[in-house]
Amino acid sequence: MAPFIIFALPRSRTAWLSRLLSYGDWFCGHDELRHCRSLEDVKAWLSQPLTGTVETAAAPFWRLARKYSPEARALVVRRPVAEVVDSLKRVGFTDRAALAAAMSRLDRKLDQIAARWPGATEVSFAELGTEDGCRRVFEYCLGISFDAGWWSAWAPVNIQINMPALVRYVAAYAPALEKLRGQAGVAMRADLVRRPVREPEGVTIQQEDFDTFYRDSTRLFEQHMVATGQGVEDYRHKNLDMLRALDRLGALTVLTARCNGRMAGYLMAVQAPSLDSPDEVEAMQLPLFAD
């Protein structure tokens, strides 16, 4: 069966819910996003049958989850933001204003999921403390009849994650997680502005100097970095001084494709005398990318 994804704010019985829904052949993960290092990892996780996950940080990226697994069922767990903030403070977080702002932003993403994910359903934090509420979640996510005995065994169990360990993990892997966040943001923005493909009337292909090309290509550079598994802003750390020097010497060719002035693709190449013949010039192709 297709996977399911449960989106929630932290401190909403999410760890407990992952145990309840790991039933029979089903496995339900908890905050699996923190283990992903690329968008391919996300796709791979969502490709598994009989698999679900409860996520407390994935709501901002719900569009990608929907794209990669259009058949997945989505459930939204709702808990008042003020209760979530109070619970986070009890486990060691101190900046109430920052917590409230962050949780409010996440909560608005939960609103989007509930409204825009086809077939999505909601359950309240309070309902997870009842048999009827858990029955509804169990049957919706797993697609099988509710096992009251299984629920009775888990109902009195208090499951808490090791919050200090989680904080240490996120801090240790912050660069990788930030890279993935940037890749996800670029991928989502690209999908939001995508239009049906039309015949490329008005597209021009021309040679440009490096500085003009670099000035107008930020959007494409970001997409290129994501497509090749690099950090979104890694293009800023290339050897720009050398590229400009090659351009001044006439040894760099930059070809661009534009439509109404907007860049849609580029090809770069470096030219130099051939090592095989003094009468020939050879070119080495560098980055090639097209939106």
Side-chain angles (χ1 to χ4, degrees), residues 33 36-43 57-58 60-65 67-68 105 109 173-291:
L33 183 61
C36 294
R37 299 293 176 262
S38 69
L39 295 179
E40 293 301 318
D41 287 350
V42 177
K43 294 179 186 178
F61 312 109
W62 67 268
R63 289 182 176 87
L64 286 184
K67 174 183 177 180
Y68 295 154
R105 287 194 297 270
K109 291 300 180 181
Y173 287 95
L177 293 173
E178 180 61 20
K179 177 180 176 180
L180 178 59
R181 185 201 64 77
Q183 292 176 344
V186 169
M188 286 192 300
R189 288 194 296 273
D191 285 340
L192 287 173
V193 301
R194 186 164 294 153
R195 299 290 184 270
V197 176
R198 299 185 176 90
E199 289 297 322
E201 297 179 3
V203 171
T204 61
I205 297 176
Q206 56 276 310
Q207 184 172 342
E208 300 188 17
D209 65 88
F210 179 79
D211 283 327
T212 300
F213 154 70
Y214 188 76
R215 179 196 66 201
D216 296 343
S217 54
T218 298
R219 178 180 59 87
L220 290 185
F221 281 151
E222 291 180 346
Q223 293 183 35
H224 194 166
M225 296 300 99
V226 170
T228 53
Q230 301 178 68
V232 173
E233 295 194 351
D234 280 3
Y235 69 92
R236 298 184 185 275
H237 307 301
K238 307 302 182 183
N239 195 344
L240 302 180
D241 290 339
M242 177 60 74
L243 289 167
R244 290 190 173 97
L246 290 170
D247 190 40
R248 289 193 299 270
L249 292 170
L252 178 70
T253 296
V254 179
L255 296 178
T256 66
R258 293 181 183 261
C259 183
N260 295 324
R262 186 177 187 183
M263 197 178 298
Y266 52 78
L267 167 65
M268 299 171 62
V270 171
Q271 300 84 237
S274 171
L275 296 178
D276 293 324
S277 171
D279 300 323
E280 294 181 358
V281 174
E282 295 181 342
M284 179 176 68
Q285 181 175 305
L286 297 176
L288 166 66
F289 189 74
D291 188 328

Exercise. CZ of F61 to NZ of K109: how many Å apart, nearest 0.5 Å?
Worked result: 9.0 Å
Problem set entry | From Q207 atom CD to D209 atom CG, the distance as rounded to the nearest 0.5 Å | 9.5 Å
Exercise. Between F221 and F289, is the gap from one ring center to the other below 6.0 Å?
Worked result: no
For this session: Any chance you could measure Q206, atom CD, to T256, atom OG1, to the nearest 0.5 Å?
Result: 4.0 Å
Exercise. Considering only heavy atoms from C-beta outward, does the side chain of M225 approach that of V186 to under 4.5 Å?
Worked result: no
For this session: Check whether any side-chain heavy atom of M263 lies under 4.5 Å from a side-chain heavy atom of F213, and answer yes or no.
Result: yes
For this session: Indicate yes or no: at least one non-hydrogen side-chain atom of L64 is less than 4.5 angstrom from one of V42.
Result: no
Problem set entry | Full working for side chain to side chain contact (heavy atoms under 4.5 Å, CB included) between Y68 and L39 | CA-CA 9 Å; Y68 295 154; L39 295 179; 3.6 Å; yes
For this session: For the pair Q183 (side chain) and V232 (backbone), establish whether a donor and an acceptor sit closer than 3.5 Å, ignoring hydrogens and angles.
Result: no
Exercise. Quick one: NZ on K179 to CG on D234, what's the gap to the nearest 0.5 Å?
Worked result: 6.5 Å
For this session: Indicate yes or no: at least one non-hydrogen side-chain atom of L177 is less than 4.5 angstrom from one of R37.
Result: yes
Problem set entry | Side-chain donor/acceptor of R105 to backbone N/O of P60, under 3.5 Å | no
Problem set entry | N260, CG atom: more than 12 neighbouring heavy atoms under 6.0 Å | no
Problem set entry | Nearest-0.5 Å distance, CD1 of residue I205 to CZ of residue R258 | 12.5 Å
Problem set entry | Side-chain touch E208/Y266, heavy atoms, less than 4.5 angstrom | no
Exercise. What distance separates L33 CG from R181 CZ, expressed to the nearest 0.5 Å?
Worked result: 12.0 Å
Exercise. Pairs in or reaching into residues 240-251: which pass side chain to side chain donor-acceptor pair (under 3.5 Å), with residues at least two apart or in two chains?
Worked result: D211-R244
For this session: Report yes if the side chains of L246 and F210 come closer than 4.5 Å at any heavy-atom pair, otherwise no.
Result: no
For this session: Test Y235 against every option in E222, H224, Q230 by the side chain to side chain contact (heavy atoms under 4.5 Å, CB included) rule and name the one that passes.
Result: E222
For this session: Side-chain contact test, heavy atoms from C-beta onward, threshold under 4.5 Å: evaluate it for E282 versus L275 and give yes or no.
Result: no
Problem set entry | Flag for S38-E40: side-chain donor and acceptor within less than 3.5 Å | no
